[in-house]
Amino acid sequence: MKTLVQAFQAVPDPMARYKQLLFFATKLQPFPVEEHTEENKVKGCVSQVWVIAELRDDKIYWKADSDSQLTKGLAALLVQGLSGCTPQEIVRMPPDFIAQLGLQQSLTPSRNNGFLNMFKLMQKKALDMYMQQQAGSDSEGMAASASSGGDGAAGAGTAEQQQGSSNGNGNGNNSEASATPVADSIQRKLREELQPLRLEVVDNSHQHAGHGGYRGSATYSGETHFNVEVVSARFEGLTSIKRHRLVYQILDDELRSPVHALSLITKTPAEAGMA
Amino acid sequence: MKTLVQAFQAVPDPMARYKQLLFFATKLQPFPVEEHTEENKVKGCVSQVWVIAELRDDKIYWKADSDSQLTKGLAALLVQGLSGCTPQEIVRMPPDFIAQLGLQQSLTPSRNNGFLNMFKLMQKKALDMYMQQQAGSDSEGMAASASSGGDGAAGAGTAEQQQGSSNGNGNGNNSEASATPVADSIQRKLREELQPLRLEVVDNSHQHAGHGGYRGSATYSGETHFNVEVVSARFEGLTSIKRHRLVYQILDDELRSPVHALSLITKTPAEAGMA
Amino acid sequence: PAPQVQDAPAAAAAAADLGTATRADFPILHQSVNERPLMYLDNAATSQKPRQVLQTMDEYYGEGGYNSNVHRGVHALSARATAAYEAAREKIAGFINASSPQEIVYTRNATEAINLVANTWGAAQLREGDEVVLSVAEHHSNIVPWQLLAQRRGLVLKFAELTGSEEVDLEKLAALITPRTRLVSLVHVSNMLGCVLPTQRVAEMAHGVGAKLLLDCCQSVPNMPVDVQTLGADWIVASSHKMCGPTGIGFLWARYSLLEQMPPWMGGGEMIQEVRLEGSTYAEPPSRFEAGTPAIAEAIGLGAACDYLSGLGMERVAAHERELGAHLYWQLRSIDRVRIYGPSPEARLGRAALATFNVEGIHPTDISTILDSTGVAVRSGHLCTQPVHRHLGISSSVRASPYIYNTKAEVDAFVDALKDAIQFFT
Amino acid sequence: PAPQVQDAPAAAAAAADLGTATRADFPILHQSVNERPLMYLDNAATSQKPRQVLQTMDEYYGEGGYNSNVHRGVHALSARATAAYEAAREKIAGFINASSPQEIVYTRNATEAINLVANTWGAAQLREGDEVVLSVAEHHSNIVPWQLLAQRRGLVLKFAELTGSEEVDLEKLAALITPRTRLVSLVHVSNMLGCVLPTQRVAEMAHGVGAKLLLDCCQSVPNMPVDVQTLGADWIVASSHKMCGPTGIGFLWARYSLLEQMPPWMGGGEMIQEVRLEGSTYAEPPSRFEAGTPAIAEAIGLGAACDYLSGLGMERVAAHERELGAHLYWQLRSIDRVRIYGPSPEARLGRAALATFNVEGIHPTDISTILDSTGVAVRSGHLCTQPVHRHLGISSSVRASPYIYNTKAEVDAFVDALKDAIQFFT
């Protein structure tokens with residue numbers, strides 16, 4: 001992915017970049033027409049885009065298609081950059097590289113959003129595959145977990161939290177693989193930034209009906225609602241609003257997209273009787 | 001009224017004018033408390049104002065009251081200026097004198113509107129009195145015309161139009177007394193300005209349900225809807241819009257307040273086959 | 001510099017001049033986009049605002065200004081604000097030749113105005129089985145409000161289709177109108193097809209069965225003389241931002257007697273006569289429909305926009321657009337693989353100065369993206385008219401829409417840029 | 001010059017300074033009215049706008065600007081407009097500490113926001129016999145929408161009365177809330193009484209029976225830190241024009257999960273996912289509630305107003321107003337025949353920086369008229385709160401309401417002018 005980004009950055013003129021995209025588009029493998037389904041379609045694009053994934057040797061290989069040539073070129077960029085990665089790598093990849101592509105200057109927000117949405121759909125598909133892997137390797141039988149949405153969703157959050165680190169894949173990243181990437185990331189960042197005496201992150205996404213099931217359904221959204229309790233000396237002398245702002249600032253990335261709601265309790269050690 | 005206007009205009013400072021109003025207020029005759037009724041109340045004032053009329057020797061004598069001292073002063077101005085006039089004189093009086101009072105600079109629109117509304121209520125009461133006079137002097141018995149609203153209203157417009165000029169009172173104005181002042185004024189102005197070959201003004205206010213009865217009801221509005229047909233050489237070379245604008249301009253005063261709707265047919269003599 | 005006011009100039013001369021004459025009034029146009037001079041051709045979506053309108057709003061908010069809440073205020077600023085707010089209503093009334101300023105109801109935009117009619121007259125008058133006749137060419141804002149009301153009230157919605165020349169088919173329309181029809185609601189000038197409705201004929205059809213006629217005048221009021229005395233409509237709606245005025249304001253017009261029959265919709269300040277805990281009484285129109293502190297600066301700005309357009313003369317504006325629109329149409333027609341939607345400029349009522357089209361084999365957003373990189377702003381997508389797109393068998397399109405400040409030279413430059421873009425993908 | 005950003009300054013020092021510090025930012029204040037310097041004390045009706053907000057809007061419309069329709073646009077101006085429009089949403093979200101910008105719905109004003117809740121959640125959820133609890137101190141905009149809905153749905157409206165100190169009586173409120181109560185809708189800070197609601201306690205009462213809580217924050221969001229995470233409300237509404245922003249815009253906040261449960265209200269562009277003749281599907285919140293071209297410049301202006309107020313610091317603003325409000329109250333109290341409504345500044349939650357009063361024997365509009373002739377702008381009338389006026393046995397009153405740019409010296413000058421006015425009538 002990095003080399004791709006660099007290659008793309010090297011092209012100075014927007015028109016030349018568009019030419020590049022057209023070139024990428026031509027290099028895409030043919031896309032099976034029968035996969036032009038709602039499930040494979042990227043939402044919120046100005047044009048129609050479809051993405052499918054195939055798992056070979058624990059690695060994902062992508063195919064994509066679009067009725068817009070430029071969008072197809074963007075999709076090709078992602079297909080090329082993300083094919084051959086493990087599901088975990090893709091799930092854990094921060095979307096920063098999109099900004100680095102320098103497309104923002106030449107792409108309008110609607111197209112730019114579309115690009116982000118493509119990446120998100122790919123992450124979702126990667127997560128689904130990871131779940132299937134997990135289910136397969138897990139002897140306690142989460143085999144039925146391919147079921148789409150509905151009741152099976154409740155409690156899934158905690159269940160997976162517990163089995164989270166059971167199967168690291170040595171994928172080169174310094175963090176371990178996890179089924180709860182958002183919760184982990186919240187934990188890690190708050191720990192780093194606030195050196196908390198107490199930190200509790202509870203995913204209660206399952207309480208929020210109407211958000212679709214945990215897996216497979218079209219309105220899939222994963223980890224979306226958290227209760228966080230933090231006790232930290234960093235809060236001393238700060239009003240409640242300022243404490244909250246501080247936390248929101250630290251969790252900026254997490255709150256930008258997947259997390260809908262974050263319920264916060266922020267105490268100083270003194271207030272928590274821990275000083 | 002003119003001397004009053006002049007006296008008021010002579011006072012240069014707004015504060016001194018307000019003092020003057022307070023002085024006028026003190027000169028008002030006491031107002032009977034039992035006349036603090038909805039019927040005597042002026043609508044759309046920032047404060048409460050009541051007006052009553054008494055007919056003596058065919059002339060009207062007014063009383064007024066308000067819970068605001070400044071408004072009471074304004075009411076006093078009207079009471080003093082309009083007492084001793086005949087109903088016809090009051091009905092036909094254009095509201096120009098209000099602008100001449102120079103109150104606009106010192107009064108806000110809400111108060112200024114209130115002042116206009118006071119004057120309008122007084123005109124309405126004067127019209128009612130004139131109608132009663134007419135009914136009394138009319139041998140063909142419009143005696144039941146004090147009935148409030150309802151069915152009796154339909155056709156009243158034309159009926160009164162016919163008897164309009166039957167009883168001139170020698171009131172010094174150069175136009176004759178009329179029960180249809182708005183229609184007359186429309187006729188007169190269009191005749192003067194357009195020298196029409198044909199002019200037809202039909203009051204069809206009675207067709208408009210929901211506007212209340214013709215007399216006595218709280219939502220009284222009198223002549224409100226007209227069909228006008230004009231044939232005039234002045235229209236030659238003008239688009240339809242421009243012809244309409246011309247008529248609207250001529251009837252600016254009439255359209256500003258009482259007339260709700262004016263349906264226009266404007267033709268050149270050639271178009272009307274009269275050239 | 002203020003534009004020259006001319007009275008009914010020769011059409012051709014006016015068209016040649018207007019773009020150049022007005023350009024100086026629009027500071028925003030004098031900029032580069034992607035290192036190329038901006039060529040703004042997305043006017044059917046929103047127009048730019050002349051200096052005169054911006055100044056009027058600055059005079060409201062800024063130095064020596066009079067920003068203040070309107071009505072009921074007893075201090076000087078409030079008096080000035082109220083006078084200006086109501087004067088603007090008078091200007092709008094004059095602009096469309098309404099009988100009285102009280103026939104103008106301020107709304108946020110034309111969309112809200114249609115929703116207002118649906119939720120007042122519609123909710124009060126329409127009953128299960130009543131029919132509302134629309135066309136497939138309607139903007140979403142003239143479809144969805146009626147769908148929402150139809151769900152609540154059990155109404156039947158019917159949609160007139162298009163003729164071969166892609167105008168609303170009046171014969172099919174006539175066939176849809178029955179004694180059960182209570183409302184006909186149509187676009188006066190289509191933002192997608194550019195076709196113009198013969199409003200008087202449609203009014204006769206509607207009124208013949210006792211139905212009312214609402215016209216969506218978003219694309220007519222900014223571009224041609226619209227006279228509600230002769231139009232035939234019972235209601236019209238329009239948006240300020242498409243007619244040189246600010247965003248956040250639009251209006252509904254109806255004859256006063258009709259407004260009087262409409263019950264209130266939103267509750268709040270301004271729209272009441274008296275509020276008691278047990279129940280309230282409501283103000284007369286237009287106040288009845290203007291709950292809460294209104295868009296004061298915006299209304300005043302819209303008044304200034306009416307002044308500006310009247311100063312140019314709407315006949316002159318229309319002549320300019322007729323010429324520019326036809327030029328645009330025929331230039332585009334001359335390009336291979338380009339398919340323009342809607343009637344030709346030779347249609348009986350002409351067509352609006354906009355061209356919605358597709359280039360065979362190239363996605364509309366690809367076209368607009370490449371055009372944008374050369375400074376040309378056009379719209380692409382479904383143009384808030386998915387049904388007519390579906391009807392024509394497409395999902396999206398490109399639209400170029402010039403306005404008073406665009407010139408024939410710009411249209412030529414746009415056509416060249418389009419040819420380059422097509423080349424780019426070939 | 002931009003105001004100094006200070007971090008939590010000592011309350012007294014801040015209060016002394018803020019009025020003087022910010023004054024230069026408000027060009028409109030530097031003018032004479034009736035040959036006397038303008039003293040604008042009608043801020044509870046509408047605030048003035050700082051240079052920074054006006055500039056932001058000029059930058060949108062004017063030279064080098066980016067006025068354009070938002071969303072779906074594929075050209076550069078549209079991209080900039082969309083980014084700025086959504087960035088403003090983020091600023092508003094930050095200003096009230098919402099969890100996400102998607103929890104902010106743009107409306108024309110607070111009134112529309114309440115009507116939106118009534119016509120979406122209310123119309124979908126409330127059934128005959130369901131109870132809505134309000135107070136007699138509500139603004140008309142928090143009474144009439146519920147009366148209109150009550151008529152449609154057969155709801156029962158209940159009104160909490162006042163304590164002896166003229167605050168909303170929490171005990172009476174508690175007694176009105178029953179298992180049939182579905183909604184409690186109250187004013188956070190009263191525009192007439194100045195009393196402040198203990199929102200968390202009220203939230204507990206409402207949530208205790210499963211009812212929802214809507215707070216009218218028109219007089220709190222502009223004047224004090226408001227944090228929706230701790231406020232306890234399910235919805236809040238506020239208006240831009242009272243918080244240094246332009247007219248024509250306001251907002252509704254609700255937790256995203258609640259917004260998701262609310263059906264659409266107005267139909268049109270932007271709020272749809274797919275429009276078919278047979279029926280349509282709707283966008284996710286907040287778009288679902290923003291039909292038609294929105295008030296773009298106004299939204300961006302409101303974002304700039306949030307920046308401006310955040311730059312000052314809302315704690316500092318609140319401290320300034322606390323000091324100014326208390327000074328105003330005690331000065332007025334010292335005048336013979338003056339009766340101020342609402343609690344004293346010593347009330348547990350204090351009172352807002354506004355004083356509504358009457359002078360025995362003098363009509364309120366007479367007072368405000370004479371004050372106006374000396375350049376002082378105050379409001380008189382029923383303040384859109386007829387019920388609480390009736391409850392207090394009066395029909396109208398005078399209200400003076402200072403804001404960030406008013407000083408203690410101005411309050412003193414106002415009190416002197418009032419004394420002169422009283423003298424004038426005596």
Can you say whether [X] sits under 4.5 Å from chain D via the side chain, the backbone, both, or neither, judging by heavy atoms?
| X | value |
| --- | --- |
| C/Gln48 | both |
| C/Val275 | both |
| C/Leu38 | side chain |
| C/Trp146 | neither |
| C/Tyr66 | backbone |
| C/Glu278 | backbone |
| C/Tyr61 | both |
| C/Asn43 | neither |
| C/Arg152 | side chain |

Problem - Residue list, side chain to side chain donor-acceptor pair (under 3.5 Å) with C/Asn191, at least two apart or on another chain - result: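 For C/Asn191, no residue satisfies side chain to side chain donor-acceptor pair (under 3.5 Å) once neighbours in sequence are set aside.
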
Practice task
Under the side chain to side chain donor-acceptor pair (under 3.5 Å) rule, collect the residues that match up with D/Thr46, sequence neighbours excluded.
Solution key: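 Expected list: D/His241.
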
Between [options], who has the most heavy-atom pairs with chain C when the cutoff is under 4.5 Å?
| options | result |
| --- | --- |
| D/Pro294, D/Pro263, D/Gly292 | D/Gly292 |
| D/Leu148, D/Thr293, D/Val376 | D/Thr293 |
| D/Ala297, D/Gly62, D/Gly250 | D/Gly62 |

Handout entry: C/Met271 vs D/Thr111, side-chain contact (heavy atoms from CB on, under 4.5 Å): CA-CA, chis, key distance, verdict
Key = CA-CA 11 Å; C/Met271 59 71 75; D/Thr111 298; over 6 Å; no

Compare every heavy atom of [Y] with every heavy atom of [X], then report the nearest pair and how far apart it is.
| X | Y | result |
| --- | --- | --- |
| D/Asn115 | C/Met266 | OD1-CA, 3.2 Å |
| D/Val144 | C/Gly268 | CB-N, 3.7 Å |
| D/Ile28 | C/Tyr60 | CD1-O, 3.9 Å |

Practice task
Check whether D/Ser32 gets within reach of chain C through its side chain, its backbone, both or neither, counting any heavy atom under 4.5 Å.
Solution key: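 It is neither, since no heavy atom gets under 4.5 Å.
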
Exercise for the section: Any chance you could measure C/Met57, atom CE, to D/Asp58, atom CG, to the nearest 0.5 Å? Expected result: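 The distance works out to 8.5 Å.
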
Practice task
Look up atom CZ in C/Arg108 and atom OG1 in D/Thr107, then write down how far apart they are to the nearest 0.5 Å.
Solution key: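 Result: 7.5 Å between the selected atoms.
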
Practice task
Take D/Arg390 and C/Glu274 through the test salt bridge (Lys or Arg N to Asp or Glu O under 4.0 Å) and record every step on the way to the result.
Solution key: CA-CA 11 Å; D/Arg390 208 172 285 119; C/Glu274 194 167 16; 3.6 Å; yes

